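Reviewing the structure listed below.
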Number of protein chains: 2
Amino acid sequence: MKNAPPTLKEIAKRLKLSTSTVSRALKDHPSIGLVTTMRVKKLAEELNYEPNNRAIFFKQQKTFTIGVVLPNLSESFFSTAISAIENKATEEDYTVILGQSLDDENRQSRILETLRKHRVDGIILSVAKNTSNFDFIDSLRKSNIPIVFFDCVPDREDVIRIVSDLKPGMMEAIDTFVSCGHNRIALINGPQTLLASRERLEGYKQGLEKNDIPVNEDYIFVSDLSEEDNKRVMAELIALPERPSAVICFSDYVALDTMKVAKEKGLSINQDVSFISFSNFPIWNHIENKPMASIEQFAGRQAQKAADILFDLINERETSGEKLISYPSQLIHLDTL
Amino acid sequence: MKNAPPTLKEIAKRLKLSTSTVSRALKDHPSIGLVTTMRVKKLAEELNYEPNNRAIFFKQQKTFTIGVVLPNLSESFFSTAISAIENKATEEDYTVILGQSLDDENRQSRILETLRKHRVDGIILSVAKNTSNFDFIDSLRKSNIPIVFFDCVPDREDVIRIVSDLKPGMMEAIDTFVSCGHNRIALINGPQTLLASRERLEGYKQGLEKNDIPVNEDYIFVSDLSEEDNKRVMAELIALPERPSAVICFSDYVALDTMKVAKEKGLSINQDVSFISFSNFPIWNHIENKPMASIEQFAGRQAQKAADILFDLINERETSGEKLISYPSQLIHLDTL
DNA sequence: CTGTTAGCGCATTCAA
DNA sequence: TTGAATGCGCTAACAG
């Protein structure tokens, strides 16, 4: 049972042909006689011959494999993203090597190293939060491995980045709150190091300005996005003398944590304090006490674009040359149960 | 910039040595002179030499890659599982090629074909629900690719399967319901073709028996696990003349759908009708209107065991020879908010 | 139409 | 202590 899979050589020997003839016959090369072709194909069939992809890849100096590194597959945003990437990869006859950084910078760089050593043909990356060292970019560049960032992207302009433009959603959120009569609107933001945090903040300020509401720095909170910190921040928020009546959360996860605190403090969700968050969990529609609305960032669309561009690069097709591609986010109102 | 990565030959040429000497020097082979070794290492360093894994794998007739095929990464059960597998793979210096079947049998077989063609060293599979054709098992066997199943496993004894033994959790669930005074306990089960459904059913019957409650066939429902069907079934359940006061759901997803229907019909969760489900969503703790309890199936443990065994097979280590390994499930009571 | 040859990058056996 | 030669499976340039 431990018989090695048949090879071209094997077939050639049995048929007293050369491997090249066999190779060509199998791919219907016009210069091979019909009879020979048939004989070869017949035996190949019998032996269950299958070309050894690894050998072919090796010869062609390609791996037909891309690496995808994401913070966390358990976030629906990323599981949606990987599905989109997988589909595109399948179309292109590529396989996907997966890596989860778990938002740990060290883990992330280990994964990237492995991918580089495996000489994947390209990489799609959504960086771990709090990543501070981007040396891997140069390292990959030296190895001629193209990389495309999406969603969580580094704050530098020499790389290709696909992002969601958070401002439209943020502005809509504030408009919505204002039209509901809120004027004490807080923001629970993420780490300053994230581009995504900066953009949320900008959108927040612009949205308030547009509605002639002065920015109150006391209403701007920063969490490291851990459950504890989300809760800590929310407790602070609630304790404010002039408590905000509306809160925009960095993400749906933050909303979950903060709403929990609100409830524990006896506040009624979307009555005593209203919530809008980012990400648009698919699960919201199933549960009560959800935010009024959630801002969709179109994970699938971002990821697909990232994959499209990566394969353009890999196949050295013409690309638009754009380095930063941004899709507008969009506020989605959630039905109240 | 399009310079190829340095090779052994490159180094050898520059140093006027043979590739074999260079090869050996780089791995501190004792028979190479210290001076030569140093010279080689120095130049390798300067050139940023890195062995070409692909070539090594090719030569060794291995790929150092395993395939993992799961129904759906967006289910937390599976994202937990893949993390466990990834960790083990990293330990063993393997990479993971990922595939999502999306519970589509055709898609699943396409993925398995691809993995086979890529000659991965092994496969871990949780089969798509409704899979009816298991020919791929023979196909992989012929290709000498070991495969380990977990969680959703085929109903045949010639393969290695890691499962969660659902009975303990199911019995606990019924005990819990009974001790709360319920005796009209329904089961919303999945497709009959799933071993997992059969086991739930058995556990259900045994649990009732143990508590001297006769089995009422009207209280046993089968859903294809789609949202629509879950809802349809729940509507039927509610419409029963002697409506069950407690429901055990195939999964947390089923619970979400059915609880929604219950609420729409004006029933109060865990008062008019109580729920227990399988899987133990991490998110339950954040939301209201959740089941009384959820049955933990220990995704991580199952997946890790699957990976352990797979690597034992790949490395031809001794294995226990057990074909079916089963971990008891366990009822987890969920805090009421 | 078909065969010979060379080579992808590396490890390894055998010879020097 | 080092080098030459071989081969993993396949493709392709070149020769017949």
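Within every chain, numbering begins at 1; the chains are lettered A, B, ... in the order of the sequence lines, protein sequences first and strands thereafter. This structure is a prediction, so every number in the text was calculated from the model and none was measured.
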Can you measure [X] atom [atom1] to [N] atom [atom2] for me and round it to whole angstrom units?
X	N	atom1	atom2	answer
Asn52(A)	dC8(D)	CG	P	12 Å
His29(B)	dT13(C)	NE2	C1'	11 Å
Leu26(A)	dA12(D)	CG	P	14 Å
Arg54(A)	dG9(C)	CZ	P	17 Å
Phe64(B)	dC8(D)	CZ	P	19 Å

For the side chain of [X], counting heavy atoms from C-beta on, which of [options] is nearest?
X	options	result
Ser31(B)	dG9(D), dT2(C), dT2(D)	dT2(D)
Ile56(A)	dC10(D), dC10(C), dA4(D)	dC10(D)
Phe58(B)	dG3(C), dC8(D), dC10(D)	dC8(D)
Lys9(B)	dC8(C), dC10(C), dG9(D)	dC8(C)
Thr36(B)	dC8(D), dT1(D), dC1(C)	dT1(D)
Lys27(B)	dT11(D), dA11(C), dC10(C)	dA11(C)
Arg24(B)	dT13(C), dC8(C), dC8(D)	dT13(C)
Thr7(A)	dC10(D), dT1(D), dC1(C)	dC10(D)

Item to check | Lys/Arg N to Asp/Glu carboxylate O, Glu45(A) vs Lys42(A), below 4.0 Å | outcome: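 Looking at Lys42(A) together with Glu45(A), the answer is no, because their closest N to O distance does not fall below 4.0 Å.
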
Next on the checklist: Between Asp93(B) and Lys117(A), does any side-chain N to carboxylate O distance fall below 4.0 Å?
Outcome noted: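 Looking at Asp93(B) and Lys117(A), the cut-off is not met.
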
Next on the checklist: Quick check on DNA chain D: between Leu17(B) and Lys59(A), whose nearest nucleotide comes earlier from the 5' end?
Outcome noted: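 Here Leu17(B) is the residue nearer the 5' end.
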
Item to check | Nearest-nucleotide comparison on DNA chain D, the residue closer to the 5′ end among Gln60(B) and Leu34(B) | outcome: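 Its nucleotide being nearer the 5' end, the pick is Leu34(B).
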
Checklist entry - Taking the inter-plane angle between the rings of Phe150(A) and Phe78(A) on a 0 to 90° scale, is it parallel (under 30°), tilted (30 to 60°) or perpendicular (over 60°)? => result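 It falls in the perpendicular class, over 60°.
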
Checklist entry - How are the rings of Tyr94(A) and Phe311(A) set to each other: parallel, tilted or perpendicular (split at 30° and 60°)? => result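 Perpendicular.
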
Item to check | Phosphate OP1/OP2 of dA4(D) contacted by Ser18(B) side-chain N/O (<4.0 Å) | outcome: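 Checking dA4(D) against Ser18(B), no side-chain N or O comes under 4.0 Å of OP1 or OP2.
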
Item to check | Check: dA4(D) base within 3.5 Å donor-acceptor of Ser20(B) side chain | outcome: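 Side chain to base: pair present.
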
Checklist entry - Checking Arg161(A) side chain against Ile325(A) main chain: does a donor-acceptor pair fall under 3.5 Å? => result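 It does not hold such a pair.
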
